[in-house]
Undergrad: 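Structure below; questions to follow.
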Amino acid sequence: MSSLGQLVGGIAHEINNPVSFIYGNLDYAAEYSQGLIELCQRYSQAYPNPPEYICEYRKLIDLDFLLDDFPKIITSMKYGATRIRDIVKSLRTFSRLDESSLKEVELHENLDSTLVLLRNRLHQGNPQQEIEVIKQYDTLPKVSCYSGLLNQVFMNLLMNAIDAIEVKRNQLDLSQLEQYKGQITLATCLTSSETVMITIHDNGCGMSASTQDKIFNPFFTTKPVGTGTGMGLPTSYQIITQSHQGKLKCESTIGNGTKFIIELPLNIQLKGHPQQ
């Protein structure tokens, strides 16, 4: 995982430089294009009857459409460049080249970077399938943690929440499906002067009590063969309880969703290297 983090972090750094160059020049491109459009419009007002070859060329390039569409293209390019910058930033936060060392981090930044990486799975922009993410963030101090390992936990738990919502959708008939809205609630709070709590709560299919007893067992999975390794939750449990001296608990009811509760100390008492 450390080598993978270094690879992802390195790629993100290399992408960041050309993307920043493109993003930084798009404002100038928009300003210059607006000036050229204004010049064309003033020429049309000053010379309403241009020569035939000018008229023919205007038709050839469809000047009216070009003047209308060009600013939209610049805006679209800026949106795309912004998305790439957000993804690169999230990759760098998620990979954390320093994941083997203990650092003080903003937990909300780590949660948000994981959400950016899961944007496609959350179907953002698709009203029929979009999973709503509700953030109930409290004001938190920085938390001493192994950031890269903790991001693995957030990714595993959020992926499980998304999978549970998709399973429930597949179980509903058409009329029920129209009324159902997938939701994931992320909440953070201080439970004491030394402990922070993070909850990830979905309204998916939920689990039976017998399944809950096994979810932290290695290789146990409820997913179809070939779609789950059964190691995501056991690894997450190990990272929280051993590497961070915290607690990871699960509360679930069939049909009503699942809540994972993470409790972390603000400061870890060092006992050696984290388990990876």
Side-chain angles (χ1 to χ4, degrees), residues 69 72-73 75-76 79-80 82-84 86-87 90-91 94 108 110-138 151-189 197-237 248-262:
D69 198 50
K72 297 177 183 177
I73 290 175
T75 300
S76 179
Y79 172 78
T82 301
R83 286 284 302 124
I84 295 172
D86 289 344
I87 291 169
S90 298
L91 283 172
F94 185 82
H108 297 154
N110 289 40
L111 284 166
D112 289 342
S113 71
T114 308
L115 290 172
V116 170
L117 297 179
L118 290 171
R119 186 175 185 274
N120 286 341
R121 288 294 311 275
L122 294 169
H123 302 288
Q124 292 181 358
N126 183 346
Q128 292 183 331
Q129 292 185 299
E130 183 173 5
I131 298 174
E132 181 183 10
V133 177
I134 300 170
K135 299 178 184 178
Q136 298 174 347
Y137 290 170
D138 198 358
N151 285 339
Q152 292 179 44
V153 175
F154 294 154
M155 177 66 79
N156 286 334
L157 297 185
L158 285 166
M159 287 282 286
N160 273 278
I162 292 169
D163 289 341
I165 289 171
E166 291 180 346
V167 168
K168 183 167 182 175
R169 277 183 176 150
N170 292 332
Q171 294 173 345
L172 300 176
D173 59 36
L174 190 58
S175 61
Q176 292 173 323
L177 196 57
E178 290 177 352
Q179 303 297 320
Y180 178 67
K181 173 75 173 179
Q183 288 183 339
I184 297 174
T185 301
L186 301 178
T188 62
C189 67
M197 183 168 69
I198 306 132
T199 61
I200 299 176
H201 189 187
D202 67 72
N203 65 340
C205 59
M207 293 179 283
S208 65
S210 60
T211 298
Q212 290 178 64
D213 290 339
K214 302 173 185 175
I215 58 173
F216 296 128
N217 294 343
F219 306 112
F220 175 78
T221 180
T222 59
K223 298 175 183 178
V225 175
T227 61
T229 64
M231 288 303 296
L233 290 178
T235 300
S236 298
Y237 187 82
L248 176 59
K249 297 180 287 185
C250 174
E251 299 174 358
S252 186
T253 306
I254 290 181
N256 292 326
T258 300
K259 178 191 290 186
F260 282 98
I261 304 165
I262 302 169

Undergrad: Is the shortest side-chain heavy-atom distance between R119 and L115 below 4.5 Å?
TA: no
Undergrad: Would you check, one step at a time, whether the test side chain to side chain donor-acceptor pair (under 3.5 Å) holds for D112 with Y137?
TA: CA-CA 11 Å; D112 289 342; Y137 290 170; 3.0 Å; yes
Undergrad: Should I215 and N160 count as side-chain neighbours, where that means a heavy-atom distance under 4.5 Å?
TA: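 No, too far: nothing below the 4.5 Å cut-off.
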Undergrad: Calculate, to the nearest 0.5 Å, the distance between atoms CD1 and NZ belonging to I184 and K259 respectively.
TA: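 Spacing of CD1 (I184) from NZ (K259) equals 14.5 Å.
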Undergrad: Assess the residue pair I261 and I200 against the criterion (side-chain contact (heavy atoms from CB on, under 4.5 Å)); give the C-alpha distance rounded to whole Å, side-chain angles, the decisive distance to 0.1 Å, and a yes or no.
TA: CA-CA 7 Å; I261 304 165; I200 299 176; over 6 Å; no
Undergrad: Does a donor on one side chain and an acceptor on the other come within less than 3.5 Å for H201 and T258?
TA: no
Undergrad: I'd like to check L158 versus L186 (side-chain heavy atoms, cut-off strictly below 4.5 Å). Are they in contact?
TA: yes
Undergrad: Mind checking whether I262 and F154 have side chains closer than 4.5 Å, heavy atoms only?
TA: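 Sidechains of F154 and I262: in contact.
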Undergrad: Are T188 and L111 packed together at the side-chain level, in the sense that at least one heavy-atom pair is separated by less than 4.5 angstrom?
TA: yes
Undergrad: Give the C-alpha distance, both sets of side-chain angles, the deciding distance and a yes or no for side-chain contact (heavy atoms from CB on, under 4.5 Å) between C205 and E166.
TA: CA-CA 8 Å; C205 59; E166 291 180 346; over 6 Å; no
Undergrad: May I ask you to check whether N156 and S236 show a side-chain donor-acceptor distance below 3.5 Å?
TA: yes
Undergrad: Distance check, rounded to the nearest 0.5 Å: L233 atom CG versus N217 atom CG?
TA: 10.5 Å
Undergrad: Counting C-beta onward and ignoring hydrogens, is there a side-chain heavy-atom pair between E130 and L122 closer than 4.5 Å?
TA: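 The answer is no, as the side chains (C-beta and beyond) never meet within the 4.5 Å cut-off.
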Undergrad: Might you work through the salt bridge (Lys or Arg N to Asp or Glu O under 4.0 Å) test for D202 and K168, ending with a clear yes or no?
TA: CA-CA 11 Å; D202 67 72; K168 183 167 182 175; over 6 Å; no
Undergrad: Do the side chain of S208 and the main chain of T211 share a donor and acceptor less than 3.5 angstrom apart?
TA: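 Yes; at least one donor-acceptor contact below 3.5 Å.
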Undergrad: Run the numbers on Q129 and R169 for side-chain contact (heavy atoms from CB on, under 4.5 Å), then give the verdict.
TA: CA-CA 9 Å; Q129 292 185 299; R169 277 183 176 150; 4.2 Å; yes
Undergrad: Would you give the length of the straight line joining atom CD1 of I165 to atom CD of E132, rounded to the nearest 0.5 angstrom?
TA: 10.0 Å
Undergrad: Quick one: pull up CD in Q171 and CG in L177 and give me the separation to the nearest 0.5 Å.
TA: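 Those atoms lie 11.5 Å apart.
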Undergrad: I want to check something: taking the side chain as every heavy atom from C-beta on, are F260 and T199 in contact at a cut-off of under 4.5 Å?
TA: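 They are not in contact (no side-chain heavy atoms under 4.5 Å apart), so the answer is no.
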Undergrad: Would you say M207 and I254 make side-chain contact, with heavy atoms under 4.5 Å?
TA: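 No, their side chains stay 4.5 Å or more apart.
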Undergrad: For L174, check side-chain contact (heavy atoms from CB on, under 4.5 Å) against everything at least two apart and list the hits.
TA: E178
Undergrad: Between K181 and N203, which heavy-atom pair has the shortest distance, and what is it?
TA: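 Residues K181 and N203, closest heavy atoms: O-ND2, 2.9 Å.
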Undergrad: Could you report the tightest heavy-atom contact between S252 and G257, atom names first, then the distance?
TA: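 Closest pair (atom of S252, atom of G257, distance): OG-O, 3.1 Å.
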Undergrad: Which value, rounded to the nearest 0.5 Å, describes the distance between I162 atom CD1 and I131 atom CD1?
TA: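 Reported value, rounded in 0.5 Å steps: 5.0 Å.
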